[in-house]
Structures are given as structure tokens and as C-alpha cells.
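For clarity, every value in this text was computed on a predicted model and none was experimentally measured.
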Amino acid sequence: CDGNHNFCSAVLAHFILKEKLHIFGVLGCVLCVVGSTTIVLHAPQERNIVSVREVWHLATEPGFLVYAALAVIAVSALIFYAVPRYGQTHLIVYVGICSLMGSLTVMSVKAVSIALKLSFSGMNQFVYFQTWIFTIIVITCCLLQINYLNKALDTFNTAVISPVYYVMFTSFTILASMIMFKDWDSQNASQIATELCGFITILSGTFLLHRTKDMGNTTSKPDEEAPVFGNTNNRTPETAT
């Protein structure tokens with residue numbers, strides 16, 4: 001989805017905002033479309049889930065419980081140890097928190113969406129406590145993500161945050177989905193390799209779009225550009241002459 005989002009943003013900016021889409025931007029858009037198409041065509045078939053309790057059973061299996069526990073421990077370590085010490089100098093701290101929480105959010109959102117779909121079809125899933133637990137997890141994880149993503153965007157260069165966050169978030173989400181839903185059990189090595197190639201293609205296009213988005217902008221001088229990995233809010237003002 002993020003790959004298509006970057007493609008649409010670039011194309012709309014070119015036609016509506018009259019921003020020049022240079023050759024590397026075009027190449028980035030093509031890579032995003034090709035990668036997304038490859039993944040969609042070779043995506044594993046989702047299992048047919050008939051109750052939110054079935055999702056709960058998948059979420060409480062040992063494999064996913066271990067992943068969830070490791071994710072929570074890692075996030076806690078980042079929040080209470082890494083953020084006070086390295087939050088202002090290492091973007092991986094904030095992005096790591098958002099990405100790990102995001103993988104749990106996606107799994108919980110999928111459970112809530114299944115509950116809503118089944119409830120609208122006449123099978124009320126909100127009579128089960130599992131639905132409310134998933135809802136609480138979604139709200140908690142979303143609040144954490146919004147908080148630390150805003151801190152990351154306020155501290156570091158947005159053009160770097162976007163591709164790094166996309167890479168980490170997507171990677172952790174795919175890993176969590178593989179562990180919880182086991183969608184790839186029915187696929188062979190060739191299909192899995194093709195999907196990984198599509199994923200890498202999207203990452204390449206996303207990185208190219210963000211890394212070269214200001215190319216050809218003649219209104220800014222090289223020495224006025226924001227540092228890529230530095231804190232953009234703590235620049236030293238020029239001394240008056």
C-alpha cells in the first residue's frame with residue numbers, strides 16, 4: 001500500500017501541484033508499480049476465518065506469543081532506555097518503536113475487521129471478550145505509533161524517515177503475518193522468492209522517490225539543504241555581519 005501511496009503522491013504532485021517529476025522520479029514510480037503488481041499476483045490465498053475466536057486461537061499459539069513478547073520487550077527497552085539517550089541522534093530508535101508496534105497493530109486490526117465483517121453479516125462477534133481485547137490493542141498501539149512517529153518527523157529529515165519506516169514496518173508486519181496466519185505454508189519456494197523480489201523492488205522505488213525528490217529544484221542551494229540524518233530543528237543560526 002505504501003508503495004502505491006508513494007506512486008500516487010508523486011504523480012498527483014506532478015499534475016496538480018506542478019512539481020517537476022524528473023527521470024529518477026519516473027523510475028521510482030515504475031518500480032513501485034512493478035513491485036506492487038508482482039506481490040498482488042503472487043500473494044498467498046488468505047484462510048477463511050469464520051469467527052474472531054479463531055483469530056484469537058492463532059494469536060495465542062506459542063510462535064506468535066513469543067514474537068509478541070519479544071516485540072513488547074524491545075519496544076519497552078527502546079522507550080525507557082534508548083529514547084532518553086539516543087532518541088535525538090539515532091532515527092532508528094523512534095522508527096523501531098513505530099515499526100514493532102505497527103506489526104502488532106496490523107494483526108489486531110485484521111482481527112477487528114474480521115469481527116466487524118462477521119457482525120454486519122449477522123454473526124455478532126462483539127459478544128466475545130477477544131474482540132474487545134483486540135480493539136484495546138489497536139487503540140494502544142496506534143497511540144504509541146502516532147506519538148513516536150510525530151517525534152521522529154519533528155527531529156529528523158522526513159525524506160529519510162519515510163523510506164526507513166516503510167522498510168522496517170513492512171518487514172516486521174510480513175514476519176508477524178507469517179508467524180500468526182501461516183499464509184505462506186501453501187506456497188512453494190519460487191512463489192515466495194517472487195514476492196520477496198517484488199517487495200525489494202517496492203523498497204527500491206520508494207527509496208529512489210524520497211532520496212531524489214528535490215532533484216532539479218533550483219530554488220535551494222546545496223549548503224542550505226537539511227542534513228540527512230541530523231536534527232533539523234537544532235540548526236545554528238547565522239551570525240550577523
Side-chain angles (χ1 to χ4, degrees), residues 1-4 35-36 38-79 82 92-118 125 128-146 148-149 163-203 206:
C1 291
D2 284 343
N4 289 327
S36 300
T38 302
I39 291 179
V40 170
L41 292 177
H42 297 85
Q45 184 177 2
E46 293 185 354
R47 65 170 66 201
N48 185 24
I49 296 178
V50 297
S51 172
V52 74
R53 289 182 295 181
E54 185 177 347
V55 183
W56 178 262
H57 173 73
L58 295 172
T60 53
E61 288 186 349
F64 188 76
L65 287 178
V66 170
Y67 172 82
L70 291 176
V72 171
I73 292 172
V75 168
S76 300
L78 289 172
I79 291 175
I92 200 69
V93 175
Y94 290 138
V95 175
I97 295 172
C98 297
S99 301
L100 287 168
M101 284 291 95
S103 66
L104 299 180
T105 303
V106 172
M107 299 302 102
S108 300
V109 166
K110 191 167 185 177
V112 174
S113 64
I114 290 173
L116 288 172
K117 182 181 71 173
L118 293 174
Q125 300 295 302
Y128 305 123
F129 74 90
Q130 292 93 336
T131 303
W132 296 104
I133 292 179
F134 283 126
T135 303
I136 293 172
I137 293 174
V138 169
I139 295 173
T140 303
C141 292
C142 284
L143 291 176
L144 277 173
Q145 283 181 259
I146 292 172
Y148 286 100
L149 184 57
V164 173
Y165 177 51
Y166 172 69
V167 171
M168 292 189 64
F169 171 78
T170 307
S171 300
F172 282 123
T173 300
I174 291 175
L175 177 61
S177 180
M178 289 173 57
I179 295 173
M180 181 172 174
F181 292 100
K182 303 178 181 64
D183 290 334
W184 285 6
D185 284 352
S186 59
Q187 292 193 301
N188 55 41
S190 177
Q191 292 173 309
I192 295 175
T194 303
E195 291 177 36
L196 290 176
C197 290
F199 175 60
I200 294 173
T201 303
I202 293 176
L203 298 186
T206 301

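- Among residues two or more places apart in sequence or in another chain, the side chain to side chain donor-acceptor pair (under 3.5 Å) test is passed with Gln130 by none.
- Contact between Val55 and Ala111 at its shortest, heavy atoms only, is CG1-CB, 3.5 Å.
- Partners of Ser76 by side-chain contact (heavy atoms from CB on, under 4.5 Å), not counting sequence neighbours, listed by chain and number: Val72, Phe80.
- From Leu100, atom CG reaches atom CG of Leu144 across 11.5 Å, with rounding to the nearest 0.5 Å.
- Residue Tyr165 holds its OH atom at 9.0 Å from OG1 of Thr170, rounded to the nearest 0.5 Å.
- With sequence neighbours excluded, the residues satisfying side chain to side chain donor-acceptor pair (under 3.5 Å) with Thr105 are Gln145.
- Ser177 contributes no side-chain N or O that, together with a main-chain N or O of Ile174, makes up a donor-acceptor pair within less than 3.5 Å.
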Can you give each donor-acceptor pair under 3.5 Å made by side-chain atoms of residues 56-70, sequence neighbours left out, with the distance rounded to 0.1 Å?
residue, atom, partner, partner atom, Å
Thr60, OG1, Trp56, O, 2.8
Thr60, OG1, His57, O, 3.2
Glu61, OE1, Lys182, NZ, 2.6
Tyr67, OH, Ser103, OG, 2.8
Tyr67, OH, Phe172, O, 3.4

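- Residue Thr201 holds its OG1 atom at 10.5 Å from CG of Leu196, rounded to the nearest 0.5 Å.
- Residues Tyr148 and Met101 form no side-chain contact, since every pair of their non-hydrogen atoms from C-beta on lies 4.5 Å or further apart.
- Shortest non-hydrogen contact noted between Leu104 and Cys141 is CB-SG, 4.2 Å.
- Taking the side-chain contact (heavy atoms from CB on, under 4.5 Å) definition, one finds that Val138 meets it with Ser108, Val109, Val112, Cys142, sequence neighbours left out.
- Tyr94 meets the side chain to side chain donor-acceptor pair (under 3.5 Å) test with Gln88; sequence neighbours excluded.
- The two residues Thr131 and Ala115 make their nearest non-hydrogen contact at CG2-CB, 3.8 Å.
- Every residue meeting the side-chain contact (heavy atoms from CB on, under 4.5 Å) condition with Leu118, not counting sequence neighbours, appears here in chain and number order: Ile114, Ser121, Met123, Gln125.
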Handout entry: side chain to side chain contact (heavy atoms under 4.5 Å, CB included) between Met168 and Ile92, worked out
Key = CA-CA 9 Å; Met168 292 189 64; Ile92 200 69; 3.2 Å; yes
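- Checked against side-chain contact (heavy atoms from CB on, under 4.5 Å), Val106 has the following partners two or more places apart in sequence or in another chain: Phe169, Thr173.
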Exercise for the section: Take Phe134 and Met107, measure what side chain to side chain contact (heavy atoms under 4.5 Å, CB included) needs, and give me the verdict at the end. Expected result: CA-CA 9 Å; Phe134 283 126; Met107 299 302 102; over 6 Å; no
